[in-house]
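One structure below.
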Amino acid sequence: MYKFNFYYSLPFWGAVLFIAVFNRLLRHRHMVLRKWFLLIASFLMILSLPNLSLIWALSILGLSLITYLCGATLGSKKGIYGRTARKFIAGIGIGIVLLYLAFFKYHFLQKIIVSALGFSRASSFQFVFLVGVSYFSFKMIHFLVDSYRTRIENLSLLQYLNFVFFFVPFISGPINRYNNFSLQEVSSSRADWKAGLERIVHGLFKKFVLAQILFPYILGNQGTQLDNLSLSGLILGLYSYAFYFYFDFAGYSDLAIGTARLMGIGLPENFNNPFLKRNIRELWTNWHMSLTNWLVDYIYWPIVRGLRNQEFFRRHPIALSNIGMVITFIICGMWHGQAPHFIIWGAYHGVGIAILTIYQRQKRKVKNAILQSYFHSGISHALGIFLTFNFFVFGLSLFVLDLPQLLTVAYGLFR
Amino acid sequence: MTVDVIKLNIREFLSKQLLPLTRIRDLGDGDSFLEKGILDSTGVLELVGYIESEFGVRVEADEIIPENLDSLDRLSAFILGKKKIVS
């Protein structure tokens, strides 16, 4: 099988052009035919990803079939399943997806399982990385939870497999929702092509021009050892990292959204000027939005609903929300990586939002007219943007550097 | 208790606790709180706490979903439905 990287190689763009043109030629044909074509094309595209062998692609297909069966059972109109049975079916499906995700996400777990099954000796163990595993797992969990809540519309196996395998957002999102995907025609118009190509040009410019200009200046790439880093060097490195990170990921998202549009498929937006927001909560609702929304719907709310059964939390909604937010961000940190600094980074943002929530509630109680006028002024707005951006940038040091590196930088700065 | 009274009470709560009066006046009965940025996740929990204390209903964990809470229309229908069950 011919292998190439998505979005970085000419063969990828050649294949995209072929699929988009062929899909357009099929626009007057039956929708089922278009969806079969898209599924086969997506499967072949995913097989062309480096490090993704047929066996792993088939394992994703197997996982898709299991989750589809769970979802179809939960969505059955016969209504023969009681609440406990429904929870059990959804729980089994989600449990299998989480085990699959954990196997590919955490080295230590994979090593234990592979060694225990006798496929590899611990000494010669080689970690298997499965590209896109987080993103299709998140889509499957959303599908199962929404099936449990009978929110899934227009369910069919063909639609579901397309939803999981659609190659455009496969590696890094945006994380689509089933109803949003399944109700689309997969038929592109001239306007789709125009909008899609414009979006791709924006994405290419952000990812391959702006991000690349910043790349030599980001923390760790400046040619200075971490223990010799000056305060100005650290600030420059972190500021560059923030903008590099933004242009690289927002550029990728533009490419994915634009490419999907060529096939007449709308994907959710991922970024909305996050660095121009007044507080850290607003920044997060506008940064990697499809992931943030997923975390809120499928991590934060289940935690909060569970805790609210206790009378104390029922009477203290702000405390309940803050605990839910801190736990959600810690889980978000754990998803980004196994090292402790990712957990600290997650807690940093969770606690930041918790403090903001308390501050905002206290602000409402202020009666002083001058202070209230300040809260609604342009100066307050601008200061909010400045502080929020710098809070995010400082947090990047916890994300980019592991704990020994952080200590090295701190020691270098204060010695 | 009528739908109008419930809506009026909720509007008063939102304007006192969460929103300036100018924004609450613009809020239509069918407008989504989440889409319009009226409520964040903490605000939803505060609103649920208010509903329980003001209208004497108990909101279960599974009921804290947009289908029940995400507009004045939905909220008032939900509260009336709960009150019917109680009575």
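Within every chain, numbering begins at 1; the chains are lettered A, B, ... in the order of the sequence lines, protein sequences first and strands thereafter.
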Pairing donors with acceptors under 3.5 angstrom, does anything connect the side chains of S147(A) and Y178(A)? no
Side chain, backbone, both or neither: which part of E67(B) has an atom under 4.5 Å from a heavy atom of chain A? side chain
Distance-only donor-acceptor check, side chains W345(A) and H336(A), under 3.5 Å: no
Describe, in one word, how the ring planes of F275(A) and F389(A) are oriented to each other, choosing from parallel (under 30°), tilted (30 to 60°) and perpendicular (over 60°). perpendicular
Answer with side chain, backbone, both or neither: which region of Y300(A) has an atom nearer than 4.5 Å to a non-hydrogen atom of chain B? side chain
At a heavy-atom separation under 4.5 Å, does R361(A) approach chain B through its side chain, its backbone, both, or neither? side chain
Taking the six-membered ring of F163(A), is NZ or CZ of K139(A) closer than 6.0 Å to its centre and within 45° of its axis? yes
All salt bridge (charged side-chain N to carboxylate O under 4.0 Å, His left out) counterparts of R281(A), not counting sequence neighbours: D40(B)
Does any backbone or side-chain atom of V304(A) lie under 4.5 Å from a heavy atom of chain B? Answer side chain, backbone, both or neither. side chain
Quick check for you: among G306(A), P317(A), P302(A), which has the greatest number of heavy-atom pairs under 4.5 Å with chain B? P317(A)
